[in-house]
Every structure is written in structure tokens, then in C-alpha cells.
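Report on the following structure.
Values reported hereafter were calculated over all heavy atoms of this structure, with side chains retained and with hydrogens, waters and symmetry mates removed.
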Amino acid sequence: MIRFEQVSKTYPGGFKALEKVSFEVAKGEMAFLTGHSGAGKSTLLKLISMIERPSIGNVFINDKNLNLITPSQVPYARRDIGMIFQNHRLLQEHTVFDNVALPLVIEGYTQGEIAKRVHAALDKVGLLDKAKCLPKILSGGEQQRVGIARAVVNKPPLLLADEPTGNLDPELSKEIINVFQQFNDVGVSVLIATHDLGLIARMRNRTLTLKQGRMINDGLQQSLQPEN
Ligand code: ADP
Ligand code: ADP
């Protein structure tokens, strides 16, 4: 599903955020991406979602080399990827339904199809009864689930999450991860960037670890040394 081949990313100004990173995430796999703040987790996710481009090396999604995708093709290629952020970036003046519907409205779906898909997505994250609410009356965990519903509403085969539990207590964090697990159970590939080692320790997923831009571990759980 995801393949990095010797990928380096140097930002303008010369900062090396990633260096010679290689790994694969198989179709249907759910993995964590961890490392201290500044290790390069967000950069790695941005290369997958084509927000940034590699300086050297190749990124493949579904065996398609992203270097060969032209800027005008990027929006189409992104349809295969659902993105979830720590700050769910919800439109506060619009209902939960409208927030989740947004990607489908942009794609020009019919009203009937939109209603059907939004209800299916809200059902999957357990928020069907909140469809008519404004986001601000929801709890942090519920708002995050709205963000997840919006990311999955067009059924992408790959979900990327950047610190999805950043603002949540351990119990709510576990609930959010369980939502991802449910999508993974039906075949969706999931990559979750997090520095929440307690959360990772409670799961039995593969964990990719970045340190100063290098992939230092690719296995089942890894304890990070204290930052020095
Ligand atoms: P993480 O998600 O692990 O905290 P990031 O990928 O956000 O790490 O950042 C890795 C490093 O790259 C950081 O030192 C950060 O300051 C730097 N960086 C991130 N984005 C940019 C940018 N647009 N321009 C310059 N440096 C950046
Ligand atoms: P339809 O609208 O075509 O009837 P559903 O919404 O009922 O489809 O979903 C059909 C199946 O696809 C469900 O079992 C659902 O869990 C699964 N599925 C596969 N990939 C995804 C995804 N990325 N997001 C949501 N559901 C998905």
C-alpha cells in the first residue's frame, strides 16, 4: 500500500527532516509511526499525502510512484487517502452532517448519495444521533470522530492520522484507536503518527520509529530513550 525507497526530505533552508527512509506498509495493515517531536513523523505523512515532495528517493502508493504524479493529478490521487489531524479543522458554523458531507459536495455527489454515505460514516463512528449538532457542543473525542467520519466518507483504502489522540485523555484515546481498528478490520490500511507511547504499548501493532529523520526501528513496540 505504502512503499518508501531511500527517501530524503530537505526543507528549503537546508533542514534535513528525513534521511534515507525505506519501509513498506502492506495493504490491510495498521501500523504506528512514532518518535520524538521533530523526528519527521508529519513530514513522512505529508510525503504520502503529496503536501510535500521528496528531495531524493521514491514514494509509492498502491505501486504508483508519486514522483510521476503531476500537480494537476494530485487531487485525484488524494481520493485514495483519508487524512485525520489532531485539530480536526471542523467548520464550526456548520452541522456535523455538513462537515462530513463536505468532501462529497466537492466531488459533486447527488443529495441522495451524500445523505446515504454521510449516515453510513456517522454510524461507523457512533455519531448518528449528532448529525444535526454544531461541532462546538460536542466533546473532544466526539469532534475527533467527526474528523474521522469526514476522512472515511468516500471510503479511501488508506487512512493517515497525525497525532489523532493529541488532546485526549487515555480512555478517549483508546476509543479513537478502536475506531481506526474497526476500519482496519474491514480492510482499510491505517498509519497513525503518535508520540503517545503508552497508547502504543497497549496495542499490538507494528511500530515504525523515527529518530532525527532516520528510521531506527521497524517492529512490534519500541521504547524511546529519554530525549537529551
Ligand atoms: P514531527 O512530526 O515528528 O514532530 P516534523 O516532520 O513536523 O516532525 O518536523 C521534522 C523537522 O522538520 C522539524 O525540525 C521541523 O522544524 C522541520 N520542518 C517541518 N516542516 C518544515 C518546513 N516547512 N520548513 C522547514 N523546516 C520544517
Ligand atoms: P454502500 O454505501 O456501498 O452500501 P457501506 O457504507 O454500507 O457501502 O459500506 C460497505 C462496506 O465497506 C462496509 O462493510 C464498510 O465497513 C466497508 N468499508 C471498506 N472500506 C471502507 C472505508 N474506507 N470507510 C468506510 N467503510 C469501508
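Here the CE atom belonging to Met30 is positioned 10.5 Å from the CD atom belonging to Gln182, to the nearest 0.5 angstrom. To the nearest 0.5 Å, the span separating CG on Leu191 from CG on Leu158 amounts to 7.5 Å. Here the straight-line distance linking atom CG of Leu33 with atom CG of Leu160 works out to 10.0 Å at 0.5 Å rounding. Rounding to the nearest 0.5 Å gives a distance of 10.0 Å between CG of Leu159 and CD1 of Ile81. Within the model, atoms CG of Asn67 and CE of Met50 stand 11.0 Å from one another, a figure rounded to the nearest 0.5 Å. Note that CG of Asp218 and OG1 of Thr209 are 8.5 Å apart. Values are rounded to the nearest 0.5 Å.
Residue pairs meeting the salt bridge (charged side-chain N to carboxylate O under 4.0 Å, His left out) criterion with at least one partner in residues 26-37, sequence neighbours excluded, are Glu29-Arg206. Annotation: salt bridge (charged side-chain N to carboxylate O under 4.0 Å, His left out) contacts involving residues 61-70, sequence neighbours excluded, comprise Arg3-Asp63. For residues 159-172, no residue pair satisfies the salt bridge (charged side-chain N to carboxylate O under 4.0 Å, His left out) rule, not counting sequence neighbours. Within the structure, no pair that satisfies the ring-ring contact (aromatic ring centres under 6.0 Å, His included) test touches residues 127-181, not counting sequence neighbours. Sequence neighbours left out, the pairs with a member in residues 113-162 that pass ring-ring contact (aromatic ring centres under 6.0 Å, His included) are Phe97-His119.
In terms of the salt bridge (charged side-chain N to carboxylate O under 4.0 Å, His left out) criterion, residue partners of Arg79 (sequence neighbours excluded) are, by chain and number, Glu107. Under the side-chain contact (heavy atoms from CB on, under 4.5 Å) criterion, Tyr11 pairs with Lys9, Ala17, Thr43, Glu52, not counting sequence neighbours. Here Phe15 pairs with nothing under the ring-ring contact (aromatic ring centres under 6.0 Å, His included) rule; sequence neighbours left out. For the side chain to side chain donor-acceptor pair (under 3.5 Å) test, no residue two or more places apart in sequence or in another chain qualifies with Glu175. Partners of Arg214 under the salt bridge (charged side-chain N to carboxylate O under 4.0 Å, His left out) rule, at least two apart in sequence or in another chain, are Glu19. Listed by chain and residue number, nothing satisfies the salt bridge (charged side-chain N to carboxylate O under 4.0 Å, His left out) test with Arg78 (two or more places apart in sequence, or in another chain). Among residues two or more places apart in sequence or in another chain, the ring-ring contact (aromatic ring centres under 6.0 Å, His included) test is passed with His94 by none.
Ser189 approaches Ala26 most closely through the heavy-atom pair OG-O, 3.8 Å. In terms of heavy-atom proximity, Lys41 sits nearest to Gly35 at NZ-O, 2.8 Å. Minimum interatomic distance between Ser173 and Asp196 (heavy atoms only, all atoms of both residues): OG-OD2, 4.4 Å. Across all non-hydrogen atoms, the minimal contact from Ala151 to Pro156 is O-CG, 3.4 Å. Between Pro75 and Pro71, the shortest heavy-atom distance links the atoms CD-O, 3.6 Å.
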Task: side-chain contact (heavy atoms from CB on, under 4.5 Å) evaluation trace for Val7 with Lys20 - done: CA-CA 5 Å; Val7 174; Lys20 295 185 181 159; over 6 Å; no
TODO: Apply side-chain contact (heavy atoms from CB on, under 4.5 Å) to Leu210 and Leu44, showing your working.
DONE: CA-CA 10 Å; Leu210 284 171; Leu44 190 150; 4.1 Å; yes
TODO: For side-chain contact (heavy atoms from CB on, under 4.5 Å), just list the numbers for Ile69 and Tyr76, CA-CA rounded to whole Å, side-chain angles, deciding distance to a tenth of an Å, and then say yes or no.
DONE: CA-CA 10 Å; Ile69 293 179; Tyr76 300 97; over 6 Å; no
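Between Pro103 and Val153 there is a side-chain heavy-atom pair separated by less than 4.5 Å. For the pair Arg117 and Leu104, the minimum side-chain heavy-atom distance is below 4.5 Å. With a 4.5 Å cut-off on side-chain heavy atoms, Arg150 and Leu90 count as touching. Looking at heavy atoms from C-beta onward, Lys130 lies out of side-chain contact with Arg145 at the 4.5 angstrom threshold. Between Ile177 and Phe32 the shortest side-chain heavy-atom distance falls below 4.5 Å. A 4.5 Å side-chain heavy-atom check between Leu138 and Val96 finds at least one atom pair inside the cut-off. When side chains are defined from C-beta on, Val118 counts as touching Leu122, because their heavy atoms get closer than 4.5 Å. In this structure, the side chains of Leu47 and Phe4 come closer than 4.5 Å at one or more pairs of heavy atoms.
Listed for the Ser22 side chain is a donor-acceptor partner under 3.5 Å among the backbone atoms of Gln6. A donor-acceptor pair under 3.5 Å links the side-chain atoms of Thr34 to the main chain of Thr194, judged by distance alone. Between the side chain of Asn154 and the backbone N or O of Asp80, no donor-acceptor pair lies under 3.5 Å. The backbone N or O of Leu91 sits less than 3.5 Å from a side-chain atom of Asn99, completing a donor-acceptor pair. Without hydrogens or angle criteria, Gln143 side chain to Pro135 main chain gives a donor-acceptor distance under 3.5 Å. Listed for the Asn184 side chain is a donor-acceptor partner under 3.5 Å among the backbone atoms of Gly28. For Thr165 (side chain) and Leu168 (main-chain N/O), no donor-acceptor pair under 3.5 Å exists by modelled atom type. One N or O on the side chain of Gln144 and one on the backbone of Pro164 form a donor-acceptor pair closer than 3.5 Å. Between the side chain of Glu142 and the backbone N or O of Ser139 there is at least one donor-acceptor pair closer than 3.5 Å. Side chain of Glu24 to backbone of Met1: no donor-acceptor contact under 3.5 angstrom is found.
When hydrophobic clusters are built by joining Ile, Leu, Val, Met, Phe, Trp and Tyr residues whose side-chain heavy atoms come closer than 4.5 Å, directly or via intermediates, Leu134 is not grouped with Val146. Side-chain heavy atoms closer than 4.5 Å link hydrophobic residues (I, L, V, M, F, W, Y) into clusters, and following such links, possibly through other members, connects Ile51 to Ile48. Hydrophobic clustering keeps Ile2 apart from Phe60 (ILVMFWY residues linked when any side-chain heavy atoms are closer than 4.5 Å, directly or through intermediates). Cluster membership check: Val74 shares its hydrophobic cluster with Ile61, using side-chain heavy-atom separations under 4.5 Å among Ile, Leu, Val, Met, Phe, Trp and Tyr. Hydrophobic cluster membership is shared by Ile192 and Val186, with clusters built from Ile, Leu, Val, Met, Phe, Trp and Tyr side chains linked at under 4.5 angstrom.
Few gaps surround CZ on Arg53; more than 12 heavy atoms of other groups in view lie less than 6.0 Å from it. Within a 6.0 Å radius of CD in Gln111, no more than 12 heavy atoms belonging to other residues, nucleotides or ligands are found.
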